[in-house]
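This report concerns only the one structure given below.
Residue numbering restarts at 1 for every chain, and letters A, B, ... go by the order of the sequence lines.
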Amino acid sequence: MTDYNILKLTSINIINITFAKIEFQDNDMAYNFKDIESKWQKRWADNQTFKAKQKTDFEGEPKPPFYVLDMFPYPSGAGLHVGHPLGYIASDIYARYKRHKGFNVLHPQGYDSFGLPAEQYAIQTGQHPAKTTEVNIKRYREQLDKIGFSFDWSREVRTSDPNYYKWTQWIFIQLFNSYYCLDSQQARSIDELISVFTEEGNSKINAACDDDVTEFSAEEWLNYSENQQQEILLKYRLTYLAETEVNWCPQLGTVLANDEIVNGVSERGGYLVVRKKMKQWSMRISAYAERLLSGLEKLDWTDSLKESQRNWIGKSVGAQLKFEIQNSKHIIETFTTRPDTIFGVSFLTLAPEHELVMEITTPEQKSVVEDYIKTSAKRSERERMADVKNITGVFTGAFAKHPLSKEPIPIWIGDYVLAGYGTGAVMAVPCGDQRDYDFAKHFNIPIPNVFENIDISENAHADKTQTIIANSDFLNGLNVKDAISKAIEALEEIDAGKAKINYRLRDAVFSRQRYWGEPFPVYYKNGLPKMIEEKHLPLKLPEINEYLPTEDGAPPLGRATNWAWDSEKNEVVSNDLIDDKTVFPLELNTMPGWAGSSWYMFRYMETENRKDNFASKEALEYWQNVDLYLGGSEHATGHLLYSRFWTKFLKDRGYLNVDEPFKKLINQGMILGESAFVYRVEWHYIGENWGEVSEEDESEIPRKSEFPNLYVSRALFSEMGRYVKNYKESSLKSVQIISEKIDSLEKELKIFERPGKTKISRSLSLAITPVHVNVSFVNTSNELDIEGFKNWRPEFSEAEFILDNGKLYDADSSPLGKPDGAFTVSREVEKMSKSKYNVVNPDDICEEYGADSLRLYEMFLGPIDQAKPWNTAGLSGVFNFLKKLWKLYHQDEVFSISEEKASKESLKTLHKTIRKVTEDIENFSFNTSVSTFMICVNELTQQKCNNREILEPLAILIAPYAPHIAEELWEKMGHKNSISTAEYPVFEEKFLKEDTKTYPVSFNGKMRFTLDLSLDLSKEEVEKIVMADERTQKQLEGQKPKKVIVVPGKIVNIVK
RNA sequence: GCUCGGAUGGUGGAAUUGGUAGACACGUUGGACUUAAAAUCCAAUGACCAUUGCGGUCGUGCGGGUUCAAGUCCCGCUCCGAGUACCA
């Protein structure tokens, strides 16, 4: 009885099933999912059953296309856990359903195979990420294949494949060669812009560009040097180089995501992180803000998702104001949505990183300002946004001039203002904004009130609807709306401001200082970027010896020795040849994860012609865009916004004919794991004198690792709690046992027998700490397989256990399963992850119960979009259901169905099911359709139905959910073609006609009894019958009802 | 902090969109079959009270409200989860 765990337990079941099969060998008809599933998976692959057709593949009239796509998986080293396939199963069901409905379905799959985890692994192990990625993909594919998806694998793509990223680079070049024309609201060729510059300069150009563009004439343009012209063009291009704030970690030599920073230091290694500016590629997504926003309206996405995007884009209508600075030629620009409160401004706050801060700071304030900037550079943006409790800031000593009242306004800096947000400066109106209000209160800055009859002694007043402006000169007495337009008018007149629409959406940083991503097709001539010609793509990722940044802080590609571009030979050459005349250095950054995933949905549309096109015109024309997209809501503002941006761009430049990539989108919720915990008892030792542990004492005090770990079960933990004080005096039996055990351990280790040494003693309290246990050592009754646990990791090998019954575990006398021998763990729902040891692998489920059971169970768990915990024990429900379904088609284990006409009852059951399941599938309510199937099979079993008339359509209905069993039954019923080609059954109302209704009769809204009545009865007749019923009379106890409500076909309610 | 979700029996969840709360499963308990176990089948199962039977009270995170009728609508909270711009 060693090595005895839950998996072993169930494999005994499997053996039993196999025996059963042997027993019935002459009729071999038990539901043998293993044979059935591998048979059909092989047949689908051999016959390419799910290969989507291109339009030209049809001989006659082409079928209507339908495109179902899952969000691009990243092939992580951990493999799939049961949470991953949830969305794939749902989309597979929908894809299969659509095939039954007569569509030519495109349902492809591939890999977003560039990414940080592979690179991190490469840094640790030295293995090339391409290799580990390949291994991971193979494993992924094996796992996916076992679940029986109807993917068209012939169209697979991988972002790290040069044949694929060639086109990612190509799109980058198109972006570089484009600018955004605000008049026509679309991207255009940069050549058009150049010809305008040549003819009339830039004064009339209305294009998206950097803020610091200055005006020039045609003459000036022509006189600029090549370099100057390129610098100017870079300010207009849709992808451009710019100084951007990043989280820089000097020790790691790399930039970190906010995600990778914990409490201001790097998650890995705990090194200091500072914010610094860095020259990087950016994407001018902000140019598309308005279209990204308005485009949402026609999309069939959930409101919450659209709302997230709206919020992310963050459109606000207001005014941009200019504040002159006293004794300085500079001005500060601010954006406000409330220009009506302009007379309420009592200070300005700049972000600490604002470029003017050091210029305007007075000598007296210089050192405090510098200190403050240093401190805030250490805080992450997220931290600064989230922290409202600590109000910090310093005065710069400078004053601005109020544009209207001309009063001096102090200029502060504060880290609640973010540099990358708006202009990085806030005109603070403390009476109308809570953060400004708190800041003013904290630093004793005046809070002028500009609202009529509003008390602002406690809080700011942000209301815009009922408010009247006061103390504001010419704005007095106006409502907010009128005051806004009047204020803007006045400010425009004196050139101190103008109406402006602001978006929160920032341009997206596109450079990564990493190895495992797409190389930019870019080299640098005189420090300015040049594109490699399209015909020389792809520019392949070079080999390097180590995947770390270089010693001088350059990205990993800085290690490549062959990473220079020969512009004459048009090839990559050795760095030694760089002469800056014909051979130039190549870009060292690579593209981010979202580069390859922003356009992949169009790549799947193409089959033959992938070499010369990202996708051919014909393919794009036929498939258009994704009809149904499924994935996690964590992509709401990243991937889903970037791919919309690229789609719109490619449409503008004539490469696509749709301007949205995903018509309908469903978010799947996360499947959570049930972690298991045991409880470690911890005690410690102290030297003779409290608080004065000498070094010598320290070395004498026994370390925890010298003892075998002592574990208690959940039962004992709930009795004792996290801490046990004065445990020697505890009356709890379990504590006494622990105490005895510790005593005996000490004796064995001779802790206190150290003659001549400092006296040490054990502390009086115990701490009980939960420790994650791998869930595979826990059975469905939450009992721990102690031997398995001990063998799991070396630190547990000597562990001791106190069982639920308070006795010490002994391998010989108290094995799992014997009465009284249980050691119960506690369970907690957490995210499913390797580190929490709560991962459940779909392979194991397929092995034990089969893919059809897995598919059904994942759907049965609950609504697709909600997070829900996984519990393997529940699987037996759907497994039993499949066995019952199988039995419907068999008599005494022999396949047998009747050709006779089905009963009225059975037809009713069938058509009820058709209606409900179809409705559910259209609404993506897969959990309820599984229930419906269960009800249907329960009813048909009850009816002893085995008519072909019922069982054939039933198999088709169930095929999208449990395709293997459905195919097998379909074949047994005599069909040669795959069930996936069968037509979906048609619902017929006539079988469901009811003429009576069981009315619930309620009194004051509480149901008391039911009454079967004909549906033909009128309201009055129903009331009459109900009132005559003796149960009604009993409820009324002789009183007259105040009111009787009859809703025909629904309810009766009597008000007493 | 901000934005978006969520909360219903021991557990996962259902409820035709304001009309019988707890469908369908899991689990638990009891029973049948068996030498026994597994498998299978049958029955009970929100809590409490009552019980020979009829039955009754409470109940959808908390506090209010609207209504003949509220899990569902309105107002105010609490707690949990996700995202928050270089994880994918």
Next item on the list: Provide the Watson-Crick or G-U wobble partner of B:A7, both distances under 3.5 Å; none if there is no partner.
Entry: B:U78
Next item on the list: Using the C1' atom as the reference point in each nucleotide, state the distance between B:U17 and B:A69 in Å, no decimals.
Entry: 15 Å
Notebook entry, point to check: Hey, is CG on A:Asp303 packed in by over 12 heavy atoms from elsewhere, all under 6.0 Å?
Noted result: no
Note to self: Would A:Lys276 and A:Trp248 count as a cation-pi pair here, with the cationic atom under 6.0 angstrom from the ring centre and within 45° of the axis?
What the structure shows: yes
Notebook entry, point to check: Of the nucleotides B:U20, B:C58, B:G19, which one has an atom closest to the side chain of A:Lys1006?
Noted result: B:C58
Notebook entry, point to check: Looking at the side chain of A:Lys884, which of B:C41, B:C4, B:U20 is the nearest nucleotide?
Noted result: B:C41
Check: Contact class for A:Phe860 (heavy atom, under 4.0 Å): base, sugar-phosphate, or nothing?
Finding: base
Item checked: Span that lies between the C1' atom of B:A43 and that of B:A82, in whole angstrom -> 44 Å
Notebook entry, point to check: Which part of the nucleic acid, if any, lies within contact of A:Leu505, taking any heavy atom under 4.0 Å across all strands shown: a base, the sugar-phosphate backbone alone, or nothing?
Noted result: base
Notebook entry, point to check: Which part of the nucleic acid, if any, lies within contact of A:Asn311, taking any heavy atom under 4.0 Å across all strands shown: a base, the sugar-phosphate backbone alone, or nothing?
Noted result: sugar-phosphate
Item checked: Nucleotide nearest A:Arg1008 when distance is taken to its side chain, options B:A14, B:U40, B:G56 -> B:G56
Check: Given that both distances must come in under 3.5 Å, which nucleotide forms a Watson-Crick or G-U wobble pair with B:U66?
Finding: none
Item checked: Same-atom distance (P) from B:C4 to B:G12, integer angstrom -> 27 Å
Next item on the list: Pick base, sugar-phosphate or nothing for A:Lys883, based on heavy-atom distances below 4.0 Å to the nucleic acid.
Entry: sugar-phosphate
Item checked: Spacing between A:Lys831 atom NZ and B:A88 atom P, to the nearest angstrom -> 14 Å
Next item on the list: Using whole Å, report how far CG of A:Leu305 lies from P of B:A82.
Entry: 17 Å
Notebook entry, point to check: Within this structure, what is the CZ-to-P distance between A:Arg827 and B:C26, rounded to whole angstrom?
Noted result: 18 Å
Item checked: Separation between the C1' atoms of B:C41 and B:U52, rounded to whole Å -> 31 Å
Next item on the list: Report which part of the nucleic acid A:Val246 touches: base, sugar-phosphate, or nothing (heavy-atom distance under 4.0 Å, all strands).
Entry: base
Next item on the list: Could you please name the partner base of B:A47, counting Watson-Crick and G-U wobble pairs only when both distances are under 3.5 Å?
Entry: B:U57
Check: In whole angstrom, what separates A:Asn938's CG from B:A14's C1'?
Finding: 16 Å
Margin query: Once you apply a heavy-atom cut-off of 4.0 Å, does A:Ser76 come out as touching a base, just sugar-phosphate, or nothing?
Written below: nothing
Notebook entry, point to check: Near A:Glu922 CD, under 6.0 Å, is it more than 12 heavy atoms from other residues, nucleotides or ligands?
Noted result: yes
Next item on the list: Sticking with atom P, work out how far B:C77 lies from B:C2, rounded to a whole angstrom.
Entry: 12 Å
Note to self: For a quick check, tell me whether the side chain of A:Gln120 and the base of B:C87 share a donor-acceptor pair closer than 3.5 Å.
What the structure shows: no
Check: Taking the nucleotide of RNA chain B with the closest heavy atom to each, which residue, A:Leu116 or A:Ile1051, is nearer the 5' end?
Finding: A:Ile1051
Note to self: Just by distance, no angles: are the side chains of A:Glu830 and A:Ser675 close enough, under 3.5 Å, to form a donor-acceptor pair?
What the structure shows: yes
Checklist line | Check ion pair A:Lys277-A:Glu353 (N to O, under 4.0 angstrom) | finding: no
Next item on the list: Describe the nucleic acid contact of A:Trp312 in one word from base, sugar-phosphate, nothing, applying a heavy-atom distance below 4.0 Å.
Entry: base
Item checked: Distance, P atom - from B:G63 to B:U72, rounded to whole angstrom -> 13 Å
Margin query: Any strand counts, and the cut-off is 3.5 Å on both contacts for Watson-Crick or G-U wobble. Which nucleotide pairs with B:A21?
Written below: none
Notebook entry, point to check: For A:Arg504 and B:U84, what is the distance between atoms CZ and C1' respectively, to the nearest whole Å?
Noted result: 7 Å
Check: P atom, B:G30 versus B:G65: distance in rounded Å?
Finding: 46 Å
Margin query: Within the supplied structure, the quantity of interest is the number of heavy atoms (other residues, nucleotides, ligands) at a distance under 6.0 Å from A:Phe924 CZ; does it exceed 12?
Written below: yes
Next item on the list: Decide whether A:Asn589 and A:Arg512 meet the rule of one side-chain donor and one side-chain acceptor closer than 3.5 Å.
Entry: no
Check: Which is true for A:Val255 with a 4.0 Å heavy-atom rule: it touches a base, it touches only sugar-phosphate, or it touches nothing?
Finding: base
Next item on the list: Give A:Pro73 one of three labels, base, sugar-phosphate or nothing, depending on what nucleic acid heavy atoms sit under 4.0 Å from its own.
Entry: nothing
Check: Contact class for A:Asp865 (heavy atom, under 4.0 Å): base, sugar-phosphate, or nothing?
Finding: nothing
Next item on the list: Compute whether any side-chain donor of one residue and acceptor of the other, for A:Ser282 and A:Asp507, lie under 3.5 angstrom apart.
Entry: no
Check: How far does the P atom of B:U40 sit from the matching atom of B:U51, given to the nearest Å?
Finding: 39 Å
Margin query: Without decimals, in angstroms, what is the distance between A:Lys868 NZ and B:C26 P?
Written below: 19 Å
Notebook entry, point to check: Which nucleotide sits closest to the side chain of A:Pro117: B:C87, B:A85, B:U20?
Noted result: B:C87
Next item on the list: Could you please name the partner base of B:U72, counting Watson-Crick and G-U wobble pairs only when both distances are under 3.5 Å?
Entry: none
Margin query: Can you measure A:His635 atom NE2 to B:A85 atom C1' for me and round it to whole angstrom units?
Written below: 15 Å
Check: Pick from A:Thr133, A:Thr132, A:Asn136: which one makes a side chain to side chain contact (heavy atoms under 4.5 Å, CB included) with A:Tyr121?
Finding: A:Thr132
Note to self: Mind checking if A:Arg1031 touches a base, just sugar-phosphate, or nothing, with heavy atoms under 4.0 Å?
What the structure shows: nothing
Next item on the list: Would you mind reading off the distance between A:Leu641 atom CG and B:U3 atom C1', rounded to a whole angstrom?
Entry: 14 Å
Checklist line | Base partner of B:C2, which must satisfy Watson-Crick or wobble distances under 3.5 Å | finding: B:G83
Next item on the list: Name the nucleic acid region contacted by A:Thr998, choosing base, sugar-phosphate or nothing; use a 4.0 angstrom heavy-atom cut-off, strictly under.
Entry: base
Margin query: Under 3.5 Å for both donor-acceptor distances, Watson-Crick or wobble: does B:U40 have a partner, and if so which one?
Written below: B:A32
Margin query: Mind checking if A:Gly593 touches a base, just sugar-phosphate, or nothing, with heavy atoms under 4.0 Å?
Written below: nothing
Next item on the list: Mind telling me if B:U16 is syn or anti? Syn here is a glycosidic angle within 90° of 0.
Entry: anti
Notebook entry, point to check: At under 4.0 Å between heavy atoms, what does A:Leu861 touch on the DNA or RNA strands: base, sugar-phosphate, or nothing?
Noted result: sugar-phosphate
